Amino acid sequence: MIFRKILVTGGAGFIGSNFVRYLLKNSKFSRQRRDPEGIHQKSLHSGEIRNSKLKVINLDKLTYSGNLENLRDVESDSRYKFVRGDICDKRVVFDIAKGCDAMINFAAESHVDRSIRDSTEFIRTNIFGTQTLLEAAKKYRVRRFIQISTDEVYGSIHRGCFREDSPLLPNSPYAASKAAADLLARSYFITHKLPVIVVRSSNNFGPYQYPEKIIPLFITNAMENRRVPLYADGRNEREWLYVLDNCDAISHVLHFGRDGQIYNIGSGDGFKNIDLTMRILRILGKDKRLIKFVKDRPGHDRRYALDFIKITRLGWRPRYKFEDALNETVLWYKENAGWWKRLKKRKEQKFW
Ligand SMILES: NC(=O)c1ccc[n+]([C@@H]2O[C@H](COP(=O)([O-])OP(=O)(O)OC[C@H]3O[C@@H](n4cnc5c(N)ncnc54)[C@H](O)[C@@H]3O)[C@@H](O)[C@H]2O)c1
């Protein structure tokens, strides 16, 4: 499927900004050949989609984690437009959704620790905001609606991996709000035949991630010779997906996925937090004495792991090796110290 006008919500955040850039970079201006079958097949491995008419609209409220600096390099691209607005604002959403043939909902409150302190905004944005978007998608008959969900909706797994049909047992208010949105999106497919796809990604890392999340927090603290706060015994395990692999997977699902389906997006690279921390410190040449064990997060999930065989059957698989992607990420934070130092100085937004 080829789309002309794609509405991306939350495109000024970490994954959303990488995705907007990915879309613009991988959509070829070249004229489309009359080869409906071939277009899809040829783009399977390159990530390239021949689309000469692409327009990308980014709707973002610019909360503490939204940052237009993340998209400086594409802001003058004639195919791209930014609109500041709230996904809960029906007037704005309906106005923008008109004429769009695809919608991809990244906008969310995304930090588990913040949801433990106060979940109000999580319920509002993640649930009510998604419902507003779904209503607009229904009214304007978009051809594809992608709800960006998370592996956290499944809860914790002691061993093995979650499949798309595993039960949803979210443990944090953040995960519960994402599970509600995920199920709401599915219900619009069942009830209204809205062409919805839900993707559940594992933990992302890479450039432009707000420095409250573990990888950028630890890289930037260590660079400043500050302690890195590790919860409990450091043995909680996460599956790490490089953000560009995630963007590639979401684009793949957008173009080749099947309506009404759920796709897990994983990497198979599971690490205990302590091992991840040691790797980061090693790359930066820092001493392990920077590690500070702190009181555990309430309701902290022990382990996440995804079975992502279903999306590989669509022809996608992760391309980046974890070690290379982590090195690239550390390098990015080294080379873009101004970016994260400005964010870390904004005391009112501080959460670490
Ligand atoms: N980061 C991860 O590891 C991860 C993993 C799986 C799924 N996800 C999901 O991916 C999506 C993006 O995550 P992220 O890490 O980039 O988050 P982020 O916090 O970096 O970005 C969220 C963006 O949404 C915007 N936003 C928030 N509330 C809004 C509202 N009411 N209206 C419009 N815009 C609003 C913010 O301004 C920000 O630009 C989220 O839905 C998240 O649940 C994230």
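Each residue takes its place number in the sequence, starting with 1. Being a predicted model, the structure only gives us computed values, none of them experimental.
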Let's go through Y231 and H300 carefully: what are the C-alpha distance in whole Å and the side-chain angles of both, what is the deciding distance for ring-ring contact (aromatic ring centres under 6.0 Å, His included) to 0.1 Å, and is it a yes or a no?
CA-CA 9 Å; Y231 281 131; H300 201 177; 5.2 Å; yes

Interatomic distance, E335 atom CD to L331 atom CG [nearest 0.5 angstrom]:
4.0 Å

For D245 and R319, indicate whether the former's side chain and the latter's backbone hold a donor-acceptor pair under 3.5 Å.
yes

May I ask you to check whether Y64 and E212 show a side-chain donor-acceptor distance below 3.5 Å?
yes

Between D86 and R124 (salt bridge meaning N to carboxylate O under 4.0 Å), is one present in this structure?
yes

Short side-chain donor-acceptor distance under 3.5 Å, R21 and Y80
no

Nearest 0.5 angstrom please: H111 NE2 to S172 OG, how far?
11.0 Å

Is there a chain of hydrophobic side chains (I, L, V, M, F, W, Y, each step under 4.5 Å between heavy atoms) that links L306 to I250?
no

Per-pair distances, 0.1 Å, donor-acceptor, side chain in residues 287-294, under 3.5 Å, sequence neighbours excluded:
{"residue": "D287", "atom": "OD1", "partner": "R289", "partner atom": "N", "Å": "2.7"}
{"residue": "D287", "atom": "OD1", "partner": "R289", "partner atom": "NE", "Å": "3.1"}
{"residue": "D287", "atom": "OD2", "partner": "R289", "partner atom": "NH2", "Å": "3.3"}

Only one of E152, E237, E239 forms a side chain to side chain donor-acceptor pair (under 3.5 Å) with Y304, so which one is it?
E152

Output for pair (N273 CG, L230 CG), nearest 0.5 Å, gives 6.0 Å

Are E323 and R279 within salt-bridge range, i.e. N to O under 4.0 Å?
yes

Is it the case that the side chain of S156 and the backbone of R302 share a donor-acceptor pair, with hydrogens and angles ignored and the cut-off at 3.5 Å?
yes

Does one side chain, of K341 or N336, offer a donor that lies under 3.5 Å from an acceptor on the other?
no

So, does D101 use its side chain to make a donor-acceptor pair with the main chain of K5 at under 3.5 Å?
yes

So that I know where these two stand, are F19 and F106 an aromatic pair - ring centroids less than 6.0 Å apart?
yes

I want to know whether W332 and Y208 have ring centres closer than 6.0 Å.
yes

Side-chain donor-acceptor pair present, K213, N203, cut-off under 3.5 Å:
no

Option passing side-chain contact (heavy atoms from CB on, under 4.5 Å) with V196 (candidates I262, I146, L134):
L134

Are I6 and V20 connected in a single hydrophobic cluster, I mean Ile/Leu/Val/Met/Phe/Trp/Tyr linked by side-chain heavy atoms less than 4.5 Å apart?
yes

Any donor-acceptor N or O pair under 3.5 Å, side chains N18, Y242:
no

Donor + acceptor pair across side chains of R114, Y174 (<3.5 Å):
no

Quick check on the hydrophobic clustering: are L71 and F14 connected, directly or via other members, by side-chain heavy-atom contacts under 4.5 Å?
yes

With F271 as reference, evaluate F205, W240, F322 under the ring pair (Phe, Tyr, Trp, His ring centres under 6.0 Å) test and give the passing residue.
F322

Between the side chains of D301 and N171, does any donor sit under 3.5 Å from an acceptor?
yes

Separation of Y188 OH from F145 CZ (nearest 0.5 Å)
9.5 Å

Quick one about N70 and W339 (side-chain donor to acceptor, distance below 3.5 Å, no hydrogens or angles considered), yes or no?
yes

Under a single-linkage definition using a 4.5 Å side-chain heavy-atom cutoff for Ile, Leu, Val, Met, Phe, Trp and Tyr, are V330 and I274 assigned to the same hydrophobic cluster?
yes

Polar contact flag, side-chain donor to acceptor under 3.5 angstrom, T130-N105:
yes

